[in-house]
Amino acid sequence: MGENETAATDAGRDFVRDIVQADLTAGRVQTVVTRFPPEPNGYLHIGHAKSICLNFGIAQEFGGRCHLRFDDTNPVKEEQEYIDSIQRDVRWLGFDWGQNLYYASDYFEQLYAWAEHLIRNGKAYVDDTPAEAMRSARGTLTEPGQNSPDRYRSIEENLDLFQRMRAGEFPNGARVLRAKIDMASGNMNLRDPVLYRILHVPHPRTGDTWCIYPTYDFAHGQSDAIEGITHSICTLEFEDHRPLYEWLIENLPVPAHPRQYEFARLNIGYTVLSKRILTTLVRDGHVTGWDDPRMPTLAGLQRRGVPAAAVREFVRRVGVARANSVVDVAQLEATIRETLNPIAERRMAVLRPLKVVIENYPAGQTETLMAANHPDAPERGQRPLTFGREIFVEQEDFIEDPPKKFFRLSPGREVRLRYAYLVTCREVVKDADGTVVELRCVYDPASRGGNAPDGRKVQGTLHWVAAADAVAAEVRLYNHLFARPDPGADGNVMTDLNPNSLEVLRDCLIEPSLAGTDLPHTVQFERQGYFCRDRDSTVGRPIFNRTIGLRDTWAKAGGTPARR
RNA sequence: UGGGGCGUCGCCAAGCGGUAAGGCAACGGAUUUUGAUUCCGUCAUACGGAGGUUCGAAUCCUCCCGCCCCAGCCA
């Protein structure tokens, strides 16, 4: 029983893997070959990560290979910058295409030959119908389309015209090459789809070699066939293209017959995974760039401090299915915390400082205390902390008139300063406005390290930094990019942008070990969350990004004004 | 009365005729020098609805309802 269960579980965690396994088992496929085929017209986002993990993951699991292929058939939207960023991001995610880097543009000559093949077999024709006229002749979802008068052109004339299209004799939009299928088909993609269009636009890779470019439909399946792709995995919206994909494969002398399978694309609450909208956010300056930490792009997640392993795990947990869905962003956040918790070193940083004077601590004196880098992993060592008469604690850790079950500082209350001493608040100093500006406390010298010899307990433990050596820093807190779980659901997406997605704290104080440039990538600021040093940091001014806050049941219970 | 898909717990998602996995969220409790972590426990007599087949159905059949995609010379 146990064996069967294990085997069944390993066989397929999702329907795509089931199909691959079945094809391998039945001998229909010897070596599985997949591909990740981005169009280089933008940066990769976490939705692409799902596809990358699926394609590369299947190749790894079943001993096959996965190609990285740029679907660069539309030069008006594609740029070298994107080609470069995509390769960086796929590598960052942890995948390697080895020698298998391809471009659909590498096949332009072959595709052109195949287009002529179609013409010679009476399966394609050059159409001079203007775009608008072609649209109306295509019919509607419920009415069939009308055959173009050019549909009956002779093979010779089609061949001549197509060659002259390639030669650059005609302006953009003057003519197209269409497949001759069925203008009455219920599937719009079969109503004589356009195979080639005239575009006098330089291509990032082929320059001005071509002025006609194949459409996605004419390039994709044939590229798959050329590369020997066995399983061409794409998202649900291409489902209706599959009959065309197969029609082309069947009507062309291609070297292989790849098969297309579709899965539901990833959606996450409070954000948007549409390249079009993300491009707009960047172009219109709603974010600082493709790698803005608020962006769901892989570059943004990386800059925010999210480990690639967390993205992979998130995608694994979400699964692969054919039902459209919107994953709760809490799922992503939980995965990030879970990934970071065991690996992130602990540090102390005070985001909104409140000065504390330990009245019975000798002025001018300091001492060194040791703090664990990771309480659950003693082998990760310790770091020294300076303690002195003046320290800083978090403003929200003091309430003059505390609510029930408030464990932190308030007049007369004793708390522990982590890794240091037990201190009791004696007096509150306020400015003219009545704002608390300083706390006067006394400490118990016998509680060095944090425990009192008499064994008395305190309920609260606070993080702190010493005035003597704390370093000033800036901390950037990020919130959901959009203010609602379904941005754009009722109108303009842009109006749903969260005006408070970024909060910059400029007067933070961090412990000195955080000021260097050699710190581990992402660290935990105790009691607050995970943070990483931002590349905007300068020598004298460290800047940190909050990757994700810690779970906070006190704030959630309404204890302290929630700030997320 | 166009074609193609999808509907299992608040959110994802297993299940493939034999009597509802798991994760997130939520809610209890234990431990805790992070109100963190960890650890226990609770959480679908129920699978969009109605019929039917069957000893037995989320799984098969029929009808109905709802949602998504397609009318770019984008991908």
Side-chain angles (χ1 to χ4, degrees), chain A residues 5 9 12-14 18 37-39 41 71 73-74 76-77 127 129-131 134-136 138-145 172-178 184-191 193-199 212-213 215-217 219-220 234-243 262 264 269 275-276 316-335 337-338 341-342 346 348 372 375-376 405-408 416-420 422 449-451 457-463 485 524-529 550-557 559-560:
Chain A
E5 274 180 3
T9 304
R13 292 204 321 270
D14 58 66
D18 284 344
E39 179 188 16
N41 66 345
D71 226 333
T73 58
N74 184 4
V76 320
K77 303 204 291 186
D127 194 340
T129 309
M134 198 181 287
R135 179 170 4 99
S136 34
R138 187 153 23 235
T140 69
L141 294 178
T142 54
E143 305 161 55
N172 288 353
R175 301 176 211 266
V176 295
L177 181 73
R178 301 177 76 178
S185 173
N187 182 340
M188 301 299 292
N189 295 116
L190 263 23
R191 317 246 267 223
V194 171
L195 267 23
Y196 268 91
R197 72 287 214 185
I198 299 171
L199 247 32
I212 59 172
Y213 292 92
T215 56
Y216 161 85
D217 286 306
H220 206 93
C234 60
T235 44
L236 249 27
E237 65 268 29
F238 290 101
E239 218 173 340
D240 291 341
H241 291 246
R242 193 172 61 224
E262 313 86 18
K275 232 190 251 179
R276 196 193 100 244
R316 191 191 68 72
R317 292 184 188 188
V318 163
V320 179
R322 286 176 61 86
N324 292 115
S325 62
V326 181
V327 178
D328 190 336
V329 67
Q331 179 90 248
L332 206 212
E333 297 172 342
T335 309
R337 289 193 191 97
E338 223 172 286
N341 180 49
R346 313 285 122 126
M348 291 203 284
D376 301 331
K405 303 219 287 203
F406 181 74
F407 301 159
R408 286 109 99 145
R416 171 167 39 236
L417 292 178
R418 177 142 241 231
Y419 297 121
L422 261 31
N451 283 311
K457 303 292 186 196
V458 294
Q459 294 204 96
T461 298
L462 312 186
H463 60 278
Q524 181 193 100
F525 286 1
E526 293 212 52
R527 301 211 306 137
Q528 303 192 104
L550 251 31
R551 194 172 265 114
D552 189 347
T553 53
W554 169 243
K556 192 181 295 180
T560 301

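We name chains A, B, ... by the order of the sequence lines, and we start the count at 1 in each one.
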**Study point:** Sugar-phosphate only, base, or nothing, as touched by A/T235 at under 4.0 Å among non-hydrogen atoms
**Key:** nothing
Review point. What integer number of Å spans the P atoms of B/G41 and B/U59?
Key: 32 Å
**Study point:** Of A/A321 and A/D376, the one whose closest RNA chain B nucleotide lies more 5'
**Key:** A/A321
Practice item. Report which part of the nucleic acid A/T73 touches: base, sugar-phosphate, or nothing (heavy-atom distance under 4.0 Å, all strands). Key: sugar-phosphate
Review point. In whole Å, what separates the P atom of B/A58 from that of B/U45?
Key: 13 Å
Review point. Is A/K275 touching bases, backbone alone, or none of the nucleic acid, heavy atoms closer than 4.0 Å?
Key: nothing
Exercise for review: In whole angstrom, give me the gap between the C1' atoms of B/C9 and B/U42.
Suggested key: 14 Å
Practice item. Determine the interatomic distance between C1' on B/C70 and the same-named atom on B/A75; round to the nearest Å. Key: 14 Å
Practice item. Mind checking A/E143 for me? I need base, sugar-phosphate or nothing, with any heavy atom below 4.0 Å counting as a touch. Key: nothing
Practice item. Determine the contact category for A/F238: base if any of its heavy atoms lies under 4.0 Å from a base atom, sugar-phosphate if only primed atoms, P, OP1 or OP2 are that close, otherwise nothing. Key: base
Check your understanding: Contact class for A/R346 vs. all strands (heavy atom < 4.0 Å): base, sugar-phosphate, or nothing?
Key -> base
Point to revise | Identified side-chain hydrogen bond (donor to acceptor under 3.5 Å, both in side chains) partner of A/H463 from the options A/R418, A/E526, A/R527 | key: A/R527
Point to revise | Parallel, tilted or perpendicular, as decided by the 30° and 60° cut-offs, for the rings of A/F406 and A/W554 | key: tilted
**Study point:** Whole-angstrom distance between B/U54 and B/C67, as gauged at atom C1'
**Key:** 32 Å
Revision key, fill the gap. B/C63 -> Watson-Crick or G-U wobble partner, both distances under 3.5 Å, gives B/G49
Practice item. Searching all strands shown, indicate the nucleotide that pairs with B/G2 (Watson-Crick or G-U wobble; both distances under 3.5 Å). Key: B/C70
Practice item. Remember a base hit wins even if backbone is also touched, and classify A/P342 as base, sugar-phosphate or nothing at under 4.0 Å, heavy atoms. Key: nothing
Practice item. By nearest nucleotide on RNA chain B, pick out whichever of A/R322 and A/F525 is the more 5' one. Key: A/R322
Practice item. Scan every strand shown for a Watson-Crick or G-U wobble partner of B/U19, both distances under 3.5 Å, and answer none if you come up empty. Key: none
Practice item. Would you indicate what A/T553 reaches in the nucleic acid, counting non-hydrogen atoms under 4.0 angstrom: base, sugar-phosphate, or nothing? Key: sugar-phosphate
Review point. Can you tell me the Watson-Crick or wobble partner of B/U34, both distances under 3.5 angstrom?
Key: none
Review point. Within the structure shown, what part of the strands sits under 4.0 Å from A/P130 by heavy-atom distance: base, sugar-phosphate, or nothing?
Key: base
**Study point:** Spacing of the C1' atoms in B/U34 and B/C27 (rounded, Å)
**Key:** 23 Å
Study note, to complete from the structure: When both distances are under 3.5 Å in a Watson-Crick or G-U wobble arrangement, the nucleotide paired with B/C24 is B/G10
Check your understanding: When we call it a touch if two heavy atoms are under 4.0 Å apart, what does A/G319 touch: a base, just sugar-phosphate, or nothing?
Key -> nothing
Review point. Under 4.0 angstrom, heavy atoms only, what part of the nucleic acid is A/N324 near: base, sugar-phosphate, or nothing?
Key: sugar-phosphate
Point to revise | Rounded C1' spacing from B/A57 to B/U19 in Å | key: 10 Å
Practice item. Look at all strands and tell whether A/S136 reaches a base, only sugar-phosphate, or nothing, counting heavy atoms closer than 4.0 Å. Key: nothing
Review point. So does A/R551 get a side-chain nitrogen or oxygen closer than 4.0 Å to the phosphate oxygens (OP1/OP2) of B/A25?
Key: yes
Review point. When the C1' atoms of B/G52 and B/C68 are considered, how many whole Å apart are they?
Key: 29 Å
Check your understanding: Out of B/C69, B/C70, B/C11, which nucleotide sits closest to the side chain of A/Q331?
Key -> B/C11
Check your understanding: Contact class for A/A334 vs. all strands (heavy atom < 4.0 Å): base, sugar-phosphate, or nothing?
Key -> sugar-phosphate
Practice item. Please tell me which of the listed nucleotides, B/G35, B/A71, B/A75, lies nearest to the side chain of A/F407? Key: B/G35
Point to revise | Candidate nucleotides B/C73, B/C70, B/G35, ranked by approach to the side chain of A/R408 - the nearest | key: B/G35
Review point. When we call it a touch if two heavy atoms are under 4.0 Å apart, what does A/V326 touch: a base, just sugar-phosphate, or nothing?
Key: sugar-phosphate
